[in-house]
Chemist: 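Following this message is one structure expressed as structure tokens.
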Amino acid sequence: MGKIKEFLNKNFYKIFNDSHIFYTLIFFVSALLVALLSLIPLANVGNVVLFLSTSISLTFILLMFIALIPALRDFLFSEEKRFERNKIIGFFGTYLISFIITLIYFLLGSSTNLTVEFFGWDVLLPILFIVIFFGWNLLQILFLRSGIETLSEKIEGKILPDYESLEKKEKVSVIIVICAVIIPILLQIALLFAFSPSFSTLGGEVYTWFIIINIVMFIIIGITSWRLISLYIKSKANNTPNIFSPFFYTFIWLYLSYRTFSFLNSLQGAGNVGADIFTAFMDILLMILTAILVLRSLGGKLFGATIFNENNMPFFLYAFTMLYIQGQIIMITGAGNLIGVFSDQNQVDMVNNFLIIVITVGFYLWYSSFMLQRKGLIERTLFTRDEIIGILKDYREHLDNLGYIKTQDLGKAELKTFLDKQKISSEEIFEKPIQSEKESDITEKSMQSSIEETETEKSSPNEENPDY
């Protein structure tokens, strides 16, 4: 039990720990309340749900910043009691502030009362929440990519360490590629047989669409499989056979198969309660996993890690998830000046999953090659700006080591001038601004002296061999 708790705390930012469980329960109760209210067939229920979601999300955002105050750490995150009085006072006190702010906005900030109608709550909030919902799902694969890459790298490191012979790598990689090609086919066949009875019962146009969708998915499998095989051929020609690429492909298709399952489940009218619960659970799990990956990448970068820490990250997660849930609901119930776009949740899920499948397939077809080129596993045909500048720097140092040029003859200023002529931006590459030749000779000499010292330090291990 202790290991499970440690795993949850490490990977889910303490949302199940005694220090945060109170806030986690508040979030789940709030999300459930919002979902239940959306089922009430009243004309203004969308506005009620919008108000409630906004005020709760604002509460968690305020708590995210309040939690940065060291003096309030023990007040908000005590582990002695799960439901300590200070936590209750802290949350509901903050919610009261959020409630008042949201109430004032709803009473005075209608689009009819503002000069710029777009900033009215009845226009801005519905659009914002819908953008968050679709935007988050469509960009989900970009954030999941890092987790899939890391997992694929670890698997390759376990199965094929660097010290293994090239012959063994080629044999193992062929087997894994074949398995990777077969797995999506088997998954799609399983979906075909699993849904076939229910769709055949529905018959008519729905069954025809079911067959068309399966044919399209098999075509997509064929296209992506050929992509994988061609990448393997390129890696073999580069003497870098690997199993990273087929495992990356397999994980992408596990994600695509789930999205296909969710799409088919919505198309048939979601008659299976168990399937509905499964897809809802998986959607929330994927969203939370994606949010955690984003927080991990951003947490240590934003303002020197002063915005996010292990205590306040869950509040960001709660706030964002509430807005995400509201984005789904608002498209059905409508709110403000937005009329309900879809008649039920099935239509929302179908459109959402269709767009995700298209984005994910397109992403794989591009990124699979780009990624292997970055890792040196296939020959490079695409270069980023940073890589171009890095190559030019290395070439300059190479020529300098061979004695063809002198450092003072070709420094950073000349490199920057060359890059500017080639229309390659170098502003972010050079931390210090480069002086032009027309500026002070003293400044130029000082800069050249600094470059010489840097070059000397880089080349010092090879001073005994100047032709290195």
Chemist: Check for a donor-acceptor pair, side chain of S198 on one end and backbone N or O of F195 on the other, with a separation under 3.5 Å.
Modeler: yes
Chemist: Does F99 form a side-chain contact (heavy atoms from CB on, under 4.5 Å) with F51? I'd like the steps, not just the answer.
Modeler: CA-CA 9 Å; F99 181 87; F51 178 89; 3.4 Å; yes
Chemist: Would you check if P126 and L50 make a side-chain contact, meaning some heavy-atom pair closer than 4.5 Å?
Modeler: yes
Chemist: Hydrogens and angles aside, do E170 and Y232 bring a side-chain donor and acceptor to less than 3.5 Å of each other?
Modeler: no
Chemist: Within this structure, what is the CG-CE distance for the pair N352 and M331, rounded to the nearest 0.5 Å?
Modeler: 7.5 Å
Chemist: Give, for atom CG of L228 and atom OH of Y364, the distance between the pair rounded to the nearest 0.5 Å.
Modeler: 4.5 Å
Chemist: Grab the two heavy atoms, one from G376 and one from N238, that are nearest each other, plus how far apart they are.
Modeler: O-ND2, 3.3 Å
Chemist: Does the side-chain contact (heavy atoms from CB on, under 4.5 Å) test come out yes or no for L151 and F248, once each step is laid out?
Modeler: CA-CA 8 Å; L151 187 58; F248 184 86; over 6 Å; no
Chemist: Side chains of L142 and L139: does their closest heavy-atom pair fall under 4.5 Å?
Modeler: yes
Chemist: Around F193, counting heavy atoms of other residues, nucleotides and ligands shown, do more than 12 lie under 6.0 Å from its CZ?
Modeler: no
Chemist: Step by step, would you call F315 with F65 a ring pair (Phe, Tyr, Trp, His ring centres under 6.0 Å)?
Modeler: CA-CA 9 Å; F315 292 136; F65 289 101; over 10 Å; no
Chemist: Can you check whether I330 reaches I130 side chain to side chain, under 4.5 Å on heavy atoms?
Modeler: yes
Chemist: In the structure I gave you, are the side-chain heavy atoms of F251 and Y255 within less than 4.5 Å of one another anywhere?
Modeler: no
Chemist: For residues H20 and M313, determine if any side-chain heavy atom of one lies less than 4.5 Å from a side-chain heavy atom of the other.
Modeler: no
Chemist: Write down the atom of F119, the atom of Y105, and the distance for their closest heavy-atom approach.
Modeler: O-OH, 2.6 Å
Chemist: Using side-chain hydrogen bond (donor to acceptor under 3.5 Å, both in side chains), reason through S152 and E156 one step at a time and then give a plain yes or no.
Modeler: CA-CA 6 Å; S152 301; E156 183 176 45; over 6 Å; no
Chemist: Quick one: sort the F263 and F354 rings into parallel, tilted or perpendicular, breaks at 30° and 60°.
Modeler: tilted
Chemist: Take T59 and S98, measure what side-chain hydrogen bond (donor to acceptor under 3.5 Å, both in side chains) needs, and give me the verdict at the end.
Modeler: CA-CA 6 Å; T59 301; S98 301; 3.1 Å; yes
Chemist: Main chain of L52, side chain of S55: is a donor-acceptor contact present, judged purely on distance under 3.5 Å?
Modeler: yes
Chemist: Aromatic rings Y367 and F370: how do their planes relate, parallel, tilted or perpendicular, breaks at 30° and 60°?
Modeler: tilted
Chemist: State plainly whether the residues K375 and E153 are in salt-bridge range, i.e. N to O under 4.0 Å.
Modeler: yes
Chemist: Checking T201 against Y207 for the side-chain hydrogen bond (donor to acceptor under 3.5 Å, both in side chains) test, could you report, in this order, the C-alpha distance in whole Å, the side-chain angles of both residues, the deciding distance, and whether it holds?
Modeler: CA-CA 8 Å; T201 302; Y207 184 70; over 6 Å; no
Chemist: Could you please spell out the steps behind the ring pair (Phe, Tyr, Trp, His ring centres under 6.0 Å) verdict for Y318 and Y23?
Modeler: CA-CA 9 Å; Y318 302 143; Y23 307 109; 7.6 Å; no
Chemist: Starting from the C-alpha separation in whole Å, work towards a yes-or-no answer on side-chain contact (heavy atoms from CB on, under 4.5 Å) for L58 and I101.
Modeler: CA-CA 9 Å; L58 182 58; I101 294 173; 4.0 Å; yes
Chemist: Could you give the distance from CD1 (I252) to CZ (R145), rounded to the nearest 0.5 Å?
Modeler: 10.0 Å
Chemist: Taking all heavy atoms of I325 and all of A31, pick out the closest pair and write down the distance.
Modeler: CD1-CB, 3.9 Å
Chemist: With sequence neighbours excluded, what pairs up with Y249 under the side-chain hydrogen bond (donor to acceptor under 3.5 Å, both in side chains) test?
Modeler: T224, S225, W253
Chemist: Working to the nearest 0.5 Å, report the span between CG of L160 and NZ of K169.
Modeler: 6.5 Å
Chemist: Please give me the minimum heavy-atom distance between L317 and T321, naming the atom from each residue.
Modeler: O-OG1, 2.6 Å
Chemist: Which atom names give the shortest non-hydrogen contact between V206 and L267, and what distance separates them?
Modeler: CG1-O, 4.4 Å
Chemist: If you take all heavy atoms of S257 and L187, which pair is closest and at what distance?
Modeler: OG-CD1, 3.3 Å
Chemist: Report yes or no: does R259 contribute a side-chain atom to a donor-acceptor pair with the main-chain N or O of N353 at less than 3.5 Å?
Modeler: no
Chemist: Any side-chain heavy atom of L323 within less than 4.5 Å of one from S53?
Modeler: no
Chemist: For the OG1 atom of T250 and the CD1 atom of I183, what is their distance to the nearest 0.5 Å?
Modeler: 4.5 Å
Chemist: Is any side-chain heavy atom of F133 closer than 4.5 Å to a side-chain heavy atom of Q326?
Modeler: no
Chemist: So F129 and T54, side-chain contact (heavy atoms from CB on, under 4.5 Å) or not? Walk me through it.
Modeler: CA-CA 10 Å; F129 294 169; T54 304; 3.6 Å; yes
Chemist: Answer yes or no: is there a side-chain heavy-atom contact under 4.5 Å between F316 and F60?
Modeler: no
Chemist: Keeping the roles fixed (side chain from N239, backbone from A237), state whether a donor-acceptor pair exists under 3.5 Å.
Modeler: no
Chemist: Can you tell me if T150 uses its side chain to pair, donor with acceptor, with the backbone of S146 under 3.5 Å?
Modeler: yes
Chemist: For the CD1 atom of I378 and the CG atom of N242, what is their distance to the nearest 0.5 Å?
Modeler: 9.5 Å
